[in-house]
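Encoded as structure tokens, the structure appears first; notes follow it.
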Amino acid sequence: MNSKRGFIALSPLLVFIILYLVTSILARDFYKVPITVAFLISSIYAIAITPGTLSKRINVFSQGAGKKQMMFMLWIFVLAGAFANSAKEMGSIDATVNLTLSLLPPQMLLAGLFIAACFISLSIGTSVGTIVALTPIAAGVAQQTGVSIPLLTAVVVGGSFFGDNLSFISDTTIIATQTQGCKPSDKFRVNAFIVVPAAVIILAVYIVMGLNISAAQTVGDVSLVKVLPYLVVLVTAIVGLNVMAVLTIGIALTGIIGISIGAYDVFGWFSAMGTGITSMGELIIITLLAGGLLEIIKHNGGIDYLIDQQTRHLSSKRGAELTIGGLVAVVDLCTANNTVAIITVGGIARQIGEKFGIDPRKCASLLDTFSCCVQGIIPYGAQLLMAAGLAAINPIHIVPYLYYPFAIGIAATLAILFRYPRRYS
């Protein structure tokens, strides 16, 4: 593919960045251009520059929007909205926040939330499930203590990517090891050498930052029966139940407990669920538009062009490893899905690894770590959209506080430059 055609294929992403990020920065207001409008204009432009009949172009866009990964995310958005609001209406969030504030000293709130997110995500292997479980609690704690809501939300998002990156049952771990031909346990050891020091440093940062947090003015009564839906959601998630089943059980419990304690009647429960589902409308629209836009970019050869450009001038092992990390990062930027990014780049990464003698275990670790780094900081990724929706804030406001995703990106880059860990380099 020639450079002109490759640039044109990628230009819809550039249009989105200019419309949303650049314009918002210049205006000093990230609410000036709604992210939905930025995606809509970019999508119209993407369809306009695509060859073929209009119906064919729209079909390509629709296929991307309707992919099974997108539909899965929409189901989670709907169920998460229903659970979060029905739990809120029956008092579960307030009760869980009060329990958290009574158990954790204020100085350990940041560190405690980070550890909880790391543990849960490592247990369940998914960042989305962790974010769904902890973000409403983090937002409630922020309101009670006066801590920044974007900061506490970012603590949860960051910790959720600890397990997304390392867990044996994470889809990114499974795909990365399959494409590179190594065992998840071997990849875990290499990956841990790279990212655990970063996690320890970020934990120390949160401990220091927490020293300035004062206790809440008043901590309300803890009603354990109201906390039960969140406890069940956490436990069922940790034992490995599918996130959709977890949320369905949570919704059922909010109905049973909420009606039995008189928080609402059956129609009040239905109304709470309906309001929660409706509140996820913007996230659903963004997900559909992003899925279609990114499919158009792929259809026009944008992904292939990126891979071709980045692999053309390789000459050293360090360069090869940096290229693998750069490839999966850029493809994740273009697809907003770290699993898809690893699947897309995995084959070419293995070829590069074999040519330059890169250990497959380190190759798999780099694929997973760089993809999680980018996925954890893009404001149009499912994780940040979900967290922003549950915390009722703009996703871009979370980005400056995402210390852990940035830290693992730096750690992975240093591991390449300084040939670390030595045994696998």
With salt bridge (charged side-chain N to carboxylate O under 4.0 Å, His left out) as the test, would you mind laying out the steps for Lys183 and Asp186 before giving the verdict? CA-CA 5 Å; Lys183 296 178 181 177; Asp186 292 334; 5.3 Å; no
Minimum heavy-atom distance between Gly66 and Met71, given as atom pair plus value: O-CG, 3.7 Å
Using only heavy-atom distances, determine whether the side chains of [X] and [Y] contain a donor-acceptor pair under 3.5 Å.
X      : Y      : result
Gln375 : Gln383 : yes
Asp332 : Ser371 : no
Thr50  : Asn300 : yes
Asn165 : Thr172 : no
Thr254 : Ser86  : yes

Using a 6.0 Å cut-off, check whether atom CZ of Phe356 has over 12 heavy atoms from anything other than its own residue. yes
Intermediate values then yes/no, side-chain hydrogen bond (donor to acceptor under 3.5 Å, both in side chains), Tyr20 and Ser42: CA-CA 10 Å; Tyr20 184 59; Ser42 304; over 6 Å; no
Classify the ring geometry of Tyr380 against Phe39: parallel below 30°, tilted from 30° to 60°, perpendicular beyond 60°. perpendicular
Salt bridge present between Arg350 and Glu354 (N-O < 4.0 angstrom): yes
Is there side-chain contact between [X] and [Y], with at least one heavy-atom pair below 4.5 Å?
X      : Y      : value
Glu295 : Val60  : yes
Val195 : Tyr404 : yes
Phe168 : Leu122 : no
His397 : Asn394 : yes
Phe72  : Met244 : yes
Ile251 : Met273 : yes
Phe61  : Ser43  : yes

Euclidean distance, [Y] [atom2] relative to [X] [atom1], rounded to 0.5 Å:
X      : Y      : atom1 : atom2 : value
Leu99  : Leu224 : CG    : CG    : 6.5 Å
Ile256 : Met90  : CD1   : CE    : 10.5 Å
Phe16  : Leu40  : CZ    : CG    : 12.0 Å
Thr323 : Lys317 : OG1   : NZ    : 14.0 Å
Thr369 : Ile194 : OG1   : CD1   : 5.5 Å
Ile284 : Thr278 : CD1   : OG1   : 9.0 Å

Does the gap between the ring centers of Tyr230 and Phe83 come in under 6.0 Å? yes
Counting the benzene-type ring for Trp, do Tyr305 and Phe7 have ring centres under 6.0 Å apart? no
Step by step, would you call Asp368 with Thr173 a side-chain hydrogen bond (donor to acceptor under 3.5 Å, both in side chains)? CA-CA 7 Å; Asp368 202 341; Thr173 292; 3.3 Å; yes
